[in-house]
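Keep in mind that this is a model prediction, so the values were computed, not measured.
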Amino acid sequence: MKTGRSLHELAAEVSARAEQKRDYLINTNFLRFDTAEGRSQLLLPTQEPQLIPVSELAHRQIAERLNIPQKYYDRMREEEPRLLDANVNAWFLNKKEHRMLRTLNGQVRAFLSDKYRRIDHEDLAEAVLPSLSSLPDAEVVSCEITETRMYIKVINHALQSEVAPGDVIKAGIVITNSEVGLGSVKIEPLVYRLVCRNGLIVQDYAQRKYHVGRQVDVDSDFQVFSDETLQADDKAFFLKVRDTVRLIADETKFQLFTNRIKKAATETVEAEPDAAVELLSQRFQLNQNEKGSVLRHLILGGDLSAWGYVNAITRTAEDVEAYDRATELERMGGALLALPVNQWTKPVKKIA
């Protein structure tokens, strides 16, 4: 499992970002998109007009919302930025809709719906961490905050099982949130393998809360402010989050995962390792480096059972640089474990 930050470092970063965040609700009719010296910016019509740089994610969200094909959008950015300005501004005027702009450190980090429900990292952490600290056998083993998500990965030392001689797993959970429109708040079961400290995210039984609500209100300078009704809804939601955290101590669900792993440890993959890894890389869209890493860990591990393949994928998570991608690989391991072995080596149908 990729380590990321310490809990103290995560808390400090979350706190620092909370001080730098600003949200605006503005009709696109009042927005102006401008590129100068290769830098795209949005002009916000606040009392003191602001030119704010646009993040890569916000670029993608603008292109998607305005129905500008991403390849064409990127080509205009690189080759004809003035043409991009004209396209975006024309469609801003044409659509005339309210959008929420989320900014951080003076940069537009997200271009979202006016009904986007803000569930911020600091509020989620404040709700979750006290619940975790009350569990004497819980330990935060990995956490991170990236440009797009926050992760908190926790294991329960009191709930463990031996799936093969000397191969011990422990129960855990992964708490994930995005402040920029890339998914719901999620609490997912985690299986932590002691032998190699791999993390396997089981998406069965995951709990989700989507960032969708009613239209929000703004002050005279377009800034979004807190709403008492939303605060009441949030309080109820965070109480549910605290209850869901108890997944980490759910012996019944952990036994289901344990049985699934024990079965995988006895199952054989009907293909040569290189051929099987090639097909799995197509199914999960692994790049060449990741595919090579999976094959290397499979061979070094010396376990060609279905469980060995799952561990080769989750072990690869430690090799990738980006924490977001590492977590995706841990989810891939869980998805592979849930897939019947007789389907592993079937060619993946490509969508035209």
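When hydrophobic clusters are built by joining Ile, Leu, Val, Met, Phe, Trp and Tyr residues whose side-chain heavy atoms come closer than 4.5 Å, directly or via intermediates, Ile187 is grouped together with Ile152. Grouping the Ile, Leu, Val, Met, Phe, Trp and Tyr side chains by contacts below 4.5 angstrom, directly or via other members, places Leu329 apart from Tyr151. Residues Leu7 and Ile173 fall within the same hydrophobic cluster, defined by Ile, Leu, Val, Met, Phe, Trp and Tyr side chains chained together at heavy-atom separations under 4.5 Å.
For the residue pair Asp167 and Trp307, a side-chain donor N or O sits within less than 3.5 Å of a side-chain acceptor on the partner. At a cut-off of 3.5 Å, with distance as the only test, a side-chain donor of Thr35 or Ser40 sits close to an acceptor on the other residue. Defined by atom type and a distance below 3.5 Å, a donor-acceptor pair is missing between the side-chain atoms of Gln255 and Glu251. Side-chain contact of Asp74 with His59: a donor-acceptor pair under 3.5 Å is absent, judged by distance alone.
Looking only at side-chain heavy atoms (C-beta outward), Leu10 and Ile145 come within less than 4.5 Å of each other.
Of all heavy-atom pairs spanning Thr258 and Ser161, the tightest one is CG2-OG, 3.2 Å. The two atoms that bring Gly333 and Ile313 nearest to each other are N-CG2, 4.0 Å, heavy atoms only. Heavy atoms only, all atoms of each residue included: Asn89 and Leu31 are closest at OD1-O, 4.1 Å.
By the neighbour-count criterion of 12 heavy atoms within 6.0 Å, atom CD of Glu162 is densely surrounded, having more than that number from other residues, nucleotides or ligands. Counted within 6.0 Å of CD on Glu79, heavy atoms from surrounding residues, nucleotides or ligands total more than 12; the atom is thus considered enclosed. No more than 12 heavy atoms of other residues, nucleotides or ligands shown are found within 6.0 angstrom of CD on Glu272. With a 6.0 Å radius and a threshold of 12 heavy atoms from other residues, nucleotides or ligands, Gln70 has its CD atom above the threshold. Residue Arg17 qualifies as enclosed at atom CZ: its count of foreign heavy atoms under 6.0 Å is above 12.
A salt bridge (Lys or Arg N to Asp or Glu O under 4.0 Å) with Glu188 holds for exactly one of Lys253, Arg331, Lys153; it is Arg331.
By the 30° and 60° cut-offs, the orientation of the rings of Phe33 relative to Tyr73 is perpendicular.
From Thr176, atom OG1 reaches atom CG of Leu182 across 12.0 Å, with rounding to the nearest 0.5 Å. Rounding to the nearest 0.5 Å places OG of Ser6 at 10.0 Å from CD of Glu144. Distance CE/Met332 to CD/Glu290: 6.5 Å, rounded to 0.5 Å.
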